Student: 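First, the structure itself, so that you have it in front of you.
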Amino acid sequence: MGLMTDSPGRRRVLLASPRGYCAGVDRAVIAVEKALEQYGAPIYVRHEIVHNKYVVQTLEKKGAIFVEQTDEVPPGNIVMFSAHGVAPTVHDEAAAGRLATIDATCPLVTKVHKEAVRFADEDYDILLIGHEGHEEVIGTSGEAPDHIQLVDGPEDVAKVEVRDPSKVVWLSQTTLSVDETMETVGALKEKFPQLISPPSDDICYATQNRQLAVKEMGAQAELVIVVGSRNSSNSKRLVEVAKLAGSAAAYLVDFADEIEEGWLDGVSTVGVTSGASVPDVLVEQVLEWLSQRGFEDVEIVKAAEESITFSLPKELRRDLREEAAALVAERTGGGAQA
Ligand code: SF4
C-alpha cells in the first residue's frame, strides 16, 4: 500500500471497513473444519455452509460433502446445517435418516426463528420481509408456516392480506438492504397502521455495518467492486447500496480475474468491499490486481468497529460418530445386543 498524495491523476482505492467475514460465517466455517478434524471425513453439509464459492471449494478439498437435501446423506453419518438455518422439518428428516447433526445456524438467524415461534404462539400474522427462495427465508418460514407470509419488497405489499389488522408483526431476513426494508415497512404500516415491529433489529449488525461502509465509499468512488458470490444476498445488496450512494458502476466478483479492464476506463477512485461470507485473501487478490494497474494508494473507509464472536455449536463437544452409529444400530436392532 502506498502513501496518499494529492497529485492530479492520482489513482486510489477506498477499502471498506468492516468488510468480509461476520461472526456467524466465521463460526460456521470453523465448525466444519473442527468437525473434520474431530470426526474425520466425510462431514456432510446441507447446502453451502456459507454462500461463497471459494470457501465451499476449500472445505470440499478437506473432506466436506455438500448436499442439497438431508435424504442424500447415507444413514449413520454426520450432517451439518448451514449458517442460514433450517426449518424444524429438516431436523425431523435428519432424525428419520439416522443422522447425527451439527447445527451451524447463525445465532442471529436463530433469534429470528424464536421471534417467529413466539409471535405464532400468540396467533399473530407474521409478515416476513425477505427474498423468495432464499434458504434463510425458507428456514424461518418453516417455523410457523401457517402464520408467516413472505413480503418480497414494497411491490408485494398490495397483495398482503391478514386475518386481523390489529394483530400483525413484521420480521425480516438478516441480510437485506436496510433502506429498502424500511421502505417496505413504511408501505406495510400505511396498510396496517397497528403493525408491530420486531423486538430488536432482524437485519444483523454485519449486514448493517457493511452497508454503512459501502454507502460512504459509493459516494466517493466511480467504481465499486464487491467481492462475493452471486447467491450471496448480503453481497448483492452491497452492489445495490453502492450504486444508490452514487457510484457510477458497481460489480460483484468472486475472484480478481473476473474484473474487466474496461471497468477502469476514466476511473480514478475504486471502492473495494466484500460480503459477509468472503475470506480476506480474495480481497487481497483484488487489491493486488488493482495495484498492478496503478491503483496503489489504499485508504480505509471505516464505518464501524466489530468485536462480536459466537461460540462453536455445542454438538462439537459430543462423540457424534458414536451417536450416528448408535442411531443406525437402533434401527437394525444391533443396539439391543450391545
Ligand atoms: S450475515 Fe449476519 S445473520 Fe448472516 S451469518 Fe453473518 S452475522 Fe449471522
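Remember, it's 1-based here, ligands and their atoms both numbered in the order they're listed. From a predicted model like this one, the values you see are computed outputs, not experimental measurements.
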Student: Contact between Trp170 and Thr181 at the side-chain level, heavy atoms closer than 4.5 Å - yes or no?
Tutor: yes

Student: Do we see a donor-acceptor contact under 3.5 Å between the side chains of Thr174 and Glu136?
Tutor: yes

Student: Less than 4.5 Å apart, side chain to side chain, heavy atoms only: is that true for Val151 and Lys159?
Tutor: no

Student: Among protein heavy atoms, which lies nearest atom 2 (Fe) of ligand 1, and at what distance?
Tutor: Cys204 SG, 2.3 Å

Student: Taking 2.8 Å as the cut-off, does Cys22 contribute an N, O or S atom near atom 2 (Fe) of ligand 1, distance below it?
Tutor: no

Student: State whether a side-chain donor-acceptor pair under 3.5 Å links His84 with Glu135.
Tutor: yes

Student: To check your reading of the model: name the closest protein heavy atom to atom 8 (Fe) of ligand 1, its residue, and the distance in Å.
Tutor: Cys106 SG, 2.3 Å

Student: Quick one: nearest non-hydrogen protein atom to atom 4 (Fe) of ligand 1, plus distance?
Tutor: Thr174 OG1, 4.0 Å

